[in-house]
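In what follows, residues are counted from 1 in the order of the sequence shown.
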Amino acid sequence: MFKKIVNIVVLVPLGVILIALSVANRQTVTLALNPFDTADSVLSVSAPFFLFLFLALVVGLVLGAAVVWLSQGKHRRRARSEAHEALKWHREAEKHRSEAERLAQTNLPAPQN
């Protein structure tokens with residue numbers, strides 16, 4: 001329920017903002033990738049301005065996510081190695097526990113005083 005409320009509180013205003021941005025910036029613009037000849041149609045793209053804005057937003061999100069993912073690699077590597085070590089120690093404890101149970105079930109001679 002809380003997740004649904006948070007989604008509504010975040011996604012509805014975000015959707016309204018995106019729709020308003022799209023309506024306000026729907027005129028066609030040309031993105032020319034040839035700085036020497038802007039009339040060159042091979043390296044130019046014409047589209048509504050909001051598409052370029054959304055494309056820049058998506059590219060920024062993807063690049064940011066990639067940088068964060070790459071920078072956290074050492075933490076993921078450490079977590080994997082610690083999980084492997086914890087599993088190793090868990091197996092060692094299980095081995096000792098089963099050995100102790102086996103020894104407890106064998107009949108030991110009574111101590112003589």
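Side-chain contacts under 4.5 Å among hydrophobic residues (ILVMFWY), followed directly or transitively, place W89 with no other residue at all. W69 forms part of a hydrophobic cluster together with L70, judged by ILVMFWY side-chain heavy-atom separations under 4.5 Å. In this structure, V59 shares a hydrophobic cluster with L55, L63, the cluster being traced through Ile, Leu, Val, Met, Phe, Trp and Tyr side chains under 4.5 angstrom apart.
For L57, the side chain to side chain contact (heavy atoms under 4.5 Å, CB included) partners two or more places apart in sequence, or in a different chain, are L61. Shown here are the side-chain hydrogen bond (donor to acceptor under 3.5 Å, both in side chains) partners of R102, two or more places apart in sequence or in another chain: E99. Listed by chain and residue number, S46 satisfy the side-chain hydrogen bond (donor to acceptor under 3.5 Å, both in side chains) test with T30 (two or more places apart in sequence, or in another chain). For V29, the side chain to side chain contact (heavy atoms under 4.5 Å, CB included) partners at least two apart in sequence or on another chain are F49, F52. With sequence neighbours excluded, no residue satisfies side-chain hydrogen bond (donor to acceptor under 3.5 Å, both in side chains) with N25. Evaluation of the salt bridge (charged side-chain N to carboxylate O under 4.0 Å, His left out) rule for K88 yields no partner, not counting sequence neighbours. Partners of V62 according to the side chain to side chain contact (heavy atoms under 4.5 Å, CB included) rule, which considers only residues two or more places apart in sequence or in another chain, are V58. For H84, there are no side-chain hydrogen bond (donor to acceptor under 3.5 Å, both in side chains) partners, not counting sequence neighbours. In terms of the side chain to side chain contact (heavy atoms under 4.5 Å, CB included) criterion, residue partners of E101 (sequence neighbours excluded) are, by chain and number, R97.
Taking CG of L14 as the start and CG of N7 as the end, the distance is 11.0 Å to the nearest 0.5 Å.
Grouping the Ile, Leu, Val, Met, Phe, Trp and Tyr side chains by contacts below 4.5 angstrom, directly or via other members, places L11 apart from F2.
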